[in-house]
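What you are looking at is a predicted structure, and each value in this text was computed from that prediction instead of being measured. Protein chains get the first letters and strands the later ones, always in sequence-line order, with residue 1 at the start of each.
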2 protein chains.
Amino acid sequence: MSADRGFRMTPQRSVILDEVKGSGRHMTAGEIYERVRKRNPSMAYGTVYRTLHLFAERGLIQEFPFGDQASRFDGRIDRHDHVHCHECGSLHDVDVPSAIIARQVAEEQTGFVIDGHQTVFQGICPECQAKQKVTNRHDKQ
Amino acid sequence: MSADRGFRMTPQRSVILDEVKGSGRHMTAGEIYERVRKRNPSMAYGTVYRTLHLFAERGLIQEFPFGDQASRFDGRIDRHDHVHCHECGSLHDVDVPSAIIARQVAEEQTGFVIDGHQTVFQGICPECQAKQKVTNRHDKQ
DNA sequence: TTCCCTGCAAACCCTTTGCATTCAC
DNA sequence: GTGAATGCAAAGGGTTTGCAGGGAA
């Protein structure tokens, strides 16, 4: 019954799912590959990508194709938004309830049937704000 | 004075800017390259990319790094959102005023200083909705 | 003349894929 | 046992870059 998920749960897949679910982070396929390799050194890159996409299709994880960089994979499966620091590249979750109503507006404007949306806020994270203050103190302007 | 933009407005750059501003569409660098080639067949791919990024940095156009596909470039320079059809890949503008207040929420939640955001709504465009109805009529289910 | 810009082509990164082998069911 | 999944390696798409030649200021 629990085995009837429509695909085989191989050792590789277990490890990958575990890593993505385990880390609270938003990892790229490359990062996941490296972590997974520590537990299963023979794992191939192709397997990681195939598996991540399989999981994303089945809704076990979320793929977040992220700007001009590598896709991020997220163990959180509820819809949510992100903030991205364009200094250090960090990516964090945010919950913005008002974004939900925006979907209605978008449907009305375009005639689309909308089944998802993703907002990326860009800005400077607190750490980088702190660094910038230090930098400015040294080389004025 | 108008020439003091900090960079040279060469014939290549004029053509590229003109194409991006002219089409009301969201073109990829590849599409821009092809259109621009018709007017200047010796134009190099590298020039197109370098120029597009230059313009985007200076705020003359917007680059919209779009999911797992190629970046789209937009002659519209005011902040706005998009709807993306995951059937045919088309991308359209939407104006969602409520998205603005979401920035405040995101700032409060994360401590970021937010200076931009971009929302992509996913769904099915009207054309694809029509096609699907036709398809369903043929091969029931 | 000087520096910026171009064309060219190679390189880069992330991702996908074909194929023979291996393995979960 | 058998089809599905893996490992490997090569290829693919989009993008960037080094360099020498060319052109605007």
Between A:A29 and B:P11, just flag the one whose closest nucleotide in DNA chain C comes earlier from the 5' side.
->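 So the residue in question is B:P11.
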What integer distance in Å separates [X]:[atom1] from [N]:[atom2]?
| X | N | atom1 | atom2 | value |
| --- | --- | --- | --- | --- |
| B:E63 | D:dT16 | CD | C1' | 12 Å |
| B:Y49 | C:dA10 | OH | C1' | 16 Å |
| B:Y33 | D:dT16 | OH | P | 16 Å |
| A:L52 | C:dT17 | CG | P | 15 Å |
| A:F64 | C:dC14 | CZ | C1' | 17 Å |

A:Y49: what forms a ring-ring contact (aromatic ring centres under 6.0 Å, His included) with it, not counting sequence neighbours?
->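 A:Y45.
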Report the residues that fulfil ring-ring contact (aromatic ring centres under 6.0 Å, His included) with A:H26, sequence neighbours left out, ordered by chain and then residue number.
->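 A:H26 satisfies ring-ring contact (aromatic ring centres under 6.0 Å, His included) with A:H82 only.
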Just jot down the side-chain contact (heavy atoms from CB on, under 4.5 Å) partners of [X], sequence neighbours excluded, or say none.
| X | result |
| --- | --- |
| A:E127 | A:C125 |
| A:R50 | A:T47 |
| B:Q109 | A:V94, A:D95, B:V105 |

Got a list of protein N/O to nucleotides 4-11 of chain D N/O distances below 3.5 Å?
{"residue": "D:dA4", "atom": "O4'", "partner": "A:R8", "partner atom": "NH1", "Å": "3.4"}
{"residue": "D:dA4", "atom": "O4'", "partner": "A:R8", "partner atom": "NH2", "Å": "3.1"}
{"residue": "D:dA4", "atom": "N3", "partner": "A:R8", "partner atom": "NH1", "Å": "3.4"}
{"residue": "D:dA5", "atom": "OP1", "partner": "A:R13", "partner atom": "NH1", "Å": "3.0"}
{"residue": "D:dA5", "atom": "O5'", "partner": "A:R13", "partner atom": "NH2", "Å": "3.4"}
{"residue": "D:dT6", "atom": "OP1", "partner": "A:T10", "partner atom": "OG1", "Å": "2.9"}
{"residue": "D:dT6", "atom": "O3'", "partner": "A:Q12", "partner atom": "NE2", "Å": "2.8"}
{"residue": "D:dG7", "atom": "OP1", "partner": "A:Q12", "partner atom": "NE2", "Å": "3.2"}
{"residue": "D:dG7", "atom": "OP1", "partner": "A:S42", "partner atom": "O", "Å": "3.4"}
{"residue": "D:dG7", "atom": "OP1", "partner": "A:S42", "partner atom": "OG", "Å": "3.4"}
{"residue": "D:dG7", "atom": "OP2", "partner": "A:A44", "partner atom": "N", "Å": "3.2"}
{"residue": "D:dG7", "atom": "OP2", "partner": "A:T47", "partner atom": "OG1", "Å": "3.1"}
{"residue": "D:dG7", "atom": "O5'", "partner": "A:S42", "partner atom": "O", "Å": "3.4"}
{"residue": "D:dG7", "atom": "N7", "partner": "A:R50", "partner atom": "NH2", "Å": "3.2"}
{"residue": "D:dG7", "atom": "O6", "partner": "A:R50", "partner atom": "NH2", "Å": "3.2"}

N/O (side chain, B:H53) to phosphate O (OP1/OP2, D:dT15) under 4.0 Å =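 Answer no for this pair, as no side-chain N or O of B:H53 is under 4.0 Å from OP1 or OP2.
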Would you mind telling me which of B:R37, B:K38, B:R25 makes a salt bridge (charged side-chain N to carboxylate O under 4.0 Å, His left out) with B:E31?
->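 Answer to the salt bridge (charged side-chain N to carboxylate O under 4.0 Å, His left out) test with B:E31 among B:R37, B:K38, B:R25: B:R25.
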Using the salt bridge (charged side-chain N to carboxylate O under 4.0 Å, His left out) rule, collect all pairs that involve residues 99-117 of chain A, keeping only residues at least two apart or in two chains.
->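 Listed by first then second residue: nothing to list.
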The helix from C:dT1-D:dA25 to C:dC25-D:dG1: angle between its terminal axes, five pairs each, to 10°?
->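 The helix from C:dT1-D:dA25 to C:dC25-D:dG1 shows an end-to-end axis angle of 30°.
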Salt bridge (charged side-chain N to carboxylate O under 4.0 Å, His left out) involving A:R39 - partner list, sequence neighbours excluded =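 By the salt bridge (charged side-chain N to carboxylate O under 4.0 Å, His left out) rule, A:R39 matches A:D18, A:E19.
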